[in-house]
Amino acid sequence: MNLIFATHNINKFKEVKAQMPPGIELGYLGDLTQDPPLAETADTLKGNAELKMMALANSTRLNCFADDTGLEVAALNGAPGVYSARYAGPEASDSDNIQKLLKALDEQTNRQAQFRTVIALYWEGSVHFFEGMCRGTILQNPIGNQGFGYDPIFMPEGYDLSFAQMSLEQKTQISHRGLAMQKLINWLQEQF
């Protein structure tokens with residue numbers, strides 16, 4: 001069974017590929033000779049995931065999926081949310097986004113947050129959605145060098161490590177994306 005992940009992010013691809021059971025061949029946009037432009041112009045995670053998935057499905061006619069993830073911080077009324085990847089600007093680095101977020105929380109005592117991922121799957125002409133969420137706390141300073149994005153400043157509930165201190169396997173078991181992917185994988189396995 002072949003499936004294409006609508007992402008250019010090699011770190012995200014590696015994270016998802018590590019979850020795939022035998023029998024599912026996963027590719028990503030880097031494997032295609034020509035990939036469609038993927039817009040993130042919706043104002044919800046579900047909307048962005050669907051836009052990216054449909055752009056790839058319409059272009060290739062292959063079974064595919066896309067995700068969108070947001071870090072929702074309670075003290076910031078859910079920001080950066082759908083704008084997480086470009087919180088400090090369209091060309092911002094992970095470090096830029098982290099620094100902007102830490103500055104916004106500088107005077108805040110409530111550091112509760114959650115990561116949320118929505119996956120849109122195109123499978124044999126139909127569309128399905130899967131969601132995963134992980135609650136935690138925003139740390140005062142980045143810790144760890146694994147992962148990507150906000151991983152160095154996010155400590156999931158029940159753990160004393162940031163996502164960036166966890167192994168890929170450990171993070172995948174509890175992360176927002178890992179949980180959403182497990183739902184997608186379970187659904188695929190039910191089909192066969």
Side-chain angles (χ1 to χ4, degrees), residues 5-16 29 37-53 55 65-120 129-168 170-181 183:
F5 185 13
T7 187
H8 288 105
N9 185 326
I10 190 67
N11 292 314
K12 193 186 286 191
F13 174 69
K14 287 177 182 175
E15 207 172 89
V16 166
L29 295 178
L38 303 180
E40 290 189 340
T41 54
D43 58 2
T44 64
L45 299 174
K46 182 178 180 181
N48 279 338
E50 186 172 21
L51 281 173
K52 293 186 285 186
M53 176 270 302
F65 67 95
D67 81 324
D68 199 24
T69 295
L71 176 62
E72 300 166 339
V73 180
L76 302 178
N77 298 315
V82 72
Y83 303 106
S84 294
R86 51 197 182 279
Y87 186 48
E91 302 300 319
S93 68
D94 290 347
S95 179
D96 295 336
N97 288 329
I98 286 171
Q99 292 311 312
K100 180 174 180 178
L101 182 63
L102 291 178
K103 187 173 175 70
L105 289 175
D106 203 24
E107 301 296 318
Q108 298 291 333
T109 55
N110 179 3
R111 300 181 79 84
Q112 293 179 331
Q114 65 184 20
F115 266 120
R116 204 161 52 86
T117 292
V118 178
I119 294 174
F129 294 94
F130 308 92
E131 186 170 333
M133 183 183 60
C134 182
R135 288 188 171 91
T137 304
I138 302 298
L139 299 171
Q140 298 284 344
N141 297 295
I143 303 172
N145 55 14
Q146 304 295 316
F148 60 97
Y150 296 93
D151 286 358
I153 59 168
F154 184 82
M155 183 172 63
E157 276 183 2
Y159 292 82
D160 59 359
L161 301 171
S162 75
F163 270 166
Q165 292 175 290
M166 294 181 173
S167 68
L168 179 59
Q170 188 178 16
K171 179 187 171 192
T172 299
Q173 288 178 358
I174 63 168
S175 77
H176 46 292
R177 187 173 297 104
L179 296 172
M181 278 304 303
K183 291 176 183 177

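Predicted model only: the values in this text are computed from it and were never measured.
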Check: Is any side-chain heavy atom of T7 less than 4.5 Å from a side-chain heavy atom of L29?
Finding: no
Check: So, for I98 and P142, which heavy atoms are closest and what is the spacing to 0.1 Å?
Finding: CG2-CG, 4.0 Å
Next item on the list: Applying side-chain contact (heavy atoms from CB on, under 4.5 Å), name anything that partners Q114, two or more places apart in sequence or on another chain.
Entry: E72, R116, M133, R135
Note to self: For P80 versus V73, what's the shortest heavy-atom pair and its separation?
What the structure shows: CD-CG2, 4.2 Å
Next item on the list: Taking all heavy atoms of N141 and all of I153, pick out the closest pair and write down the distance.
Entry: C-CG2, 4.0 Å
Check: Distance from Q165 atom CD to D160 atom CG, nearest 0.5 Å?
Finding: 8.0 Å
Next item on the list: Please list all pairs passing the ring pair (Phe, Tyr, Trp, His ring centres under 6.0 Å) test where one or both residues lie in residues 65-94, with sequence neighbours left out.
Entry: F5-F65
Note to self: Can you list everything that forms a side-chain contact (heavy atoms from CB on, under 4.5 Å) with D94? Sequence neighbours excluded, please.
What the structure shows: F148
Next item on the list: Please identify each residue that fulfils side-chain contact (heavy atoms from CB on, under 4.5 Å) with T137, with sequence neighbours left out.
Entry: R111
Notebook entry, point to check: Quick one: does T44's side chain get under 4.5 Å of V118's, heavy atoms only?
Noted result: no
Note to self: Pair M166, I174 - check side chain to side chain contact (heavy atoms under 4.5 Å, CB included), show working.
What the structure shows: CA-CA 11 Å; M166 294 181 173; I174 63 168; 3.7 Å; yes
Margin query: I'd like to check the salt bridge (charged side-chain N to carboxylate O under 4.0 Å, His left out) partners of E40; sequence neighbours left out, ordered by chain and number.
Written below: K52, R86
Checklist line | Close side-chain approach of F115 to S175, heavy-atom, < 4.5 Å | finding: no
Checklist line | side-chain contact (heavy atoms from CB on, under 4.5 Å) involving K183 - partner list, sequence neighbours excluded | finding: F130
Margin query: Using only atom types and a distance under 3.5 Å, with no angle test, would you say the side chain of N48 pairs donor to acceptor with the backbone of A42?
Written below: yes
Item checked: Considering all heavy atoms, the nearest L161-M155 contact -> O-CG, 3.2 Å
Item checked: Pairwise side-chain contact, T172 with V16, heavy-atom cut-off 4.5 Å (strictly under) -> no
Next item on the list: Show your working on side chain to side chain contact (heavy atoms under 4.5 Å, CB included) between D68 and L51 and close with a plain yes or no.
Entry: CA-CA 10 Å; D68 199 24; L51 281 173; over 6 Å; no
Margin query: Going by salt bridge (charged side-chain N to carboxylate O under 4.0 Å, His left out), name the pairs with one or both residues in residues 73-83, residues two or more places apart or in two chains.
Written below: none
Item checked: By side chain to side chain donor-acceptor pair (under 3.5 Å) - contacts of T117 (at least two apart) -> T69
Notebook entry, point to check: Nearest heavy-atom pair of C134 and F154: which atoms, and what distance?
Noted result: O-CZ, 3.4 Å
Next item on the list: Could you walk me through whether I119 and E131 pass side chain to side chain contact (heavy atoms under 4.5 Å, CB included), step by step?
Entry: CA-CA 6 Å; I119 294 174; E131 186 170 333; over 6 Å; no
Note to self: How long is the straight-line distance from CD of E15 back to CD1 of I10, given to the nearest 0.5 Å?
What the structure shows: 12.0 Å
Checklist line | Pairs flagged by side chain to side chain donor-acceptor pair (under 3.5 Å) wherever residues 95-110 is involved - sequence neighbours left out | finding: S93-D96
Check: Between Q173 and L179, what is the shortest heavy-atom contact and its length?
Finding: O-CD2, 3.8 Å
Item checked: Spacing of CD belonging to E50 relative to CG belonging to L45, to within rounding of 0.5 Å -> 13.0 Å
Next item on the list: State which residues pass salt bridge (charged side-chain N to carboxylate O under 4.0 Å, His left out) with D151; sequence neighbours excluded, sorted by chain then number.
Entry: K171
Note to self: For D67, is there an ion pair with K12 - N to carboxylate O distance below 4.0 angstrom?
What the structure shows: yes
